[in-house]
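Some notes on the structure that comes next.
One-based numbering, in listed order, for ligands and for the atoms of each.
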Amino acid sequence: MRIDKMLANLGYGSRKDVKKLLKDGAVKVNDKLVKDAKEHVNPEQDTVTLNGDVIEYKEFIYLMMNKPPGVISATEDNYDQTVVDLLEMEDAVFAPFPVGRLDKDTEGLLLITNDGQLSHRLLSPKKHVPKTYFAVIDQEVTEEDVKAFKNGVVLDDGYETKPGELTILKSGLHSDIELTITEGKFHQVKRMFEAVGKKVIYLKRLSMGPLKLDESLELGEYRELTDDELQSLLEYEVK
Ligand code: URA
């Protein structure tokens, strides 16, 4: 790969900016000053430094965001802010996209990556990746609902859902619940509750497969996955 492409891919500016860095003598490859933008490097093997700092090359980026409400799970939108708009430039240069969608008003765990294969496998209906949500419901949630969800409920378009595991955390005028589902139909959690005559008034995703929301992330904050999180995700999807 050309050195100017590698540095530009990593977010060190445009090809033109990077050319200037090279010209200014800021870049070394294996301790040798490199000024030619056309110089080829092997990012896996060569040690590239910028002003003395070693540059880590990566092809893929894996981010966990605590999605805030009011933001769209997309890469671009004509009206609303998107989750990608919330990323720092140095992360956005990898052109990542959200893995699946959370509604505009839904909060919580969102994986953002540029690894298309991983995304595809996590979203594949055949994989049945479980997703767990916390929700507040506008009325009492009962054991009847637990049973109904276990058997699958019929949505407004006639689709019968796969079993959902509903746990009542607090039942009352407003109920707190957790629901695990293995599908990702449009507005699925909201529509499952509508199927039993109830309304979701707050929704937050807690987990997706082995990946759990880091509760220390404030709404709108994100971080890279840890090595353990990434490994469990990559291993999980081949199961
Ligand atoms: N189910 C919904 O209804 N909304 C979401 O954002 C996610 C799951």
Side-chain angles (χ1 to χ4, degrees), residues 63-77 79-87 96-113 118-139 141 145-146 148-169 174-215 217-222 233 236-237:
L63 305 170
M64 170 194 296
M65 179 181 281
N66 185 0
K67 181 194 167 295
V71 172
I72 308 274
S73 304
T75 50
E76 51 187 43
D77 192 86
Y79 301 100
D80 290 299
Q81 202 178 28
T82 71
V83 290
V84 168
D85 294 332
L86 300 180
L87 302 181
F97 50 85
V99 176
R101 279 169 180 264
L102 290 179
D103 296 337
K104 186 175 171 184
D105 59 353
T106 302
E107 299 176 7
L109 177 67
L110 190 64
L111 175 64
I112 302 175
T113 182
L118 173 68
S119 169
H120 184 74
R121 290 190 203 121
L122 286 172
L123 296 178
S124 163
K126 286 188 215 124
K127 291 278 173 186
H128 308 297
V129 174
K131 285 151 289 232
T132 300
Y133 296 84
F134 167 83
V136 180
I137 311 300
D138 70 334
Q139 52 190 285
V141 174
D145 299 325
V146 174
F149 279 24
K150 201 171 176 182
N151 292 327
V153 291
V154 178
L155 302 183
D156 47 12
D157 59 359
Y159 176 78
E160 189 177 336
T161 68
K162 301 230 153 44
E165 197 183 321
L166 176 60
T167 307
I168 302 169
L169 302 174
H174 282 168
S175 306
D176 294 349
I177 64 96
E178 266 184 31
L179 175 62
T180 301
I181 54 176
T182 57
E183 312 168 278
K185 301 277 172 225
F186 188 59
H187 297 325
Q188 181 153 347
V189 175
K190 291 173 185 165
R191 288 163 72 212
M192 285 177 79
F193 276 97
E194 273 162 26
V196 294
K198 295 171 192 185
K199 198 167 167 350
V200 170
I201 52 179
Y202 171 82
L203 187 59
K204 172 183 177 178
R205 183 154 64 192
L206 302 175
S207 67
M208 182 179 195
L211 195 61
K212 294 197 169 37
L213 176 67
D214 176 347
E215 297 277 356
L217 289 173
E218 301 280 339
L219 287 170
E221 278 186 351
Y222 70 94
L233 208 53
Y236 183 82
E237 45 103 19

TODO: Show your working on salt bridge (charged side-chain N to carboxylate O under 4.0 Å, His left out) between D77 and K104 and close with a plain yes or no.
DONE: CA-CA 12 Å; D77 192 86; K104 186 175 171 184; over 6 Å; no
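Side-chain rings of Y133 and Y202 stay apart, their centers remaining 6.0 Å or farther from each other.
Heavy-atom contacts from other residues, nucleotides or ligands closer than 6.0 Å to CD of Q81 number more than 12. Counting heavy-atom neighbours within 6.0 Å of H174 NE2, excluding the residue itself, gives a total above 12.
A donor-acceptor pair under 3.5 Å links the side-chain atoms of N66 to the main chain of L217, judged by distance alone.
Residues in residues 203-212 take part in these salt bridge (Lys or Arg N to Asp or Glu O under 4.0 Å) pairs, two or more places apart or across chains: K204-E215.
Contact residues of ligand 1 (protein heavy atom closer than 4.0 angstrom to a ligand atom; sorted by chain and number): L102, D103, T106, Y133, H187, Q188, V189, K190, L203.
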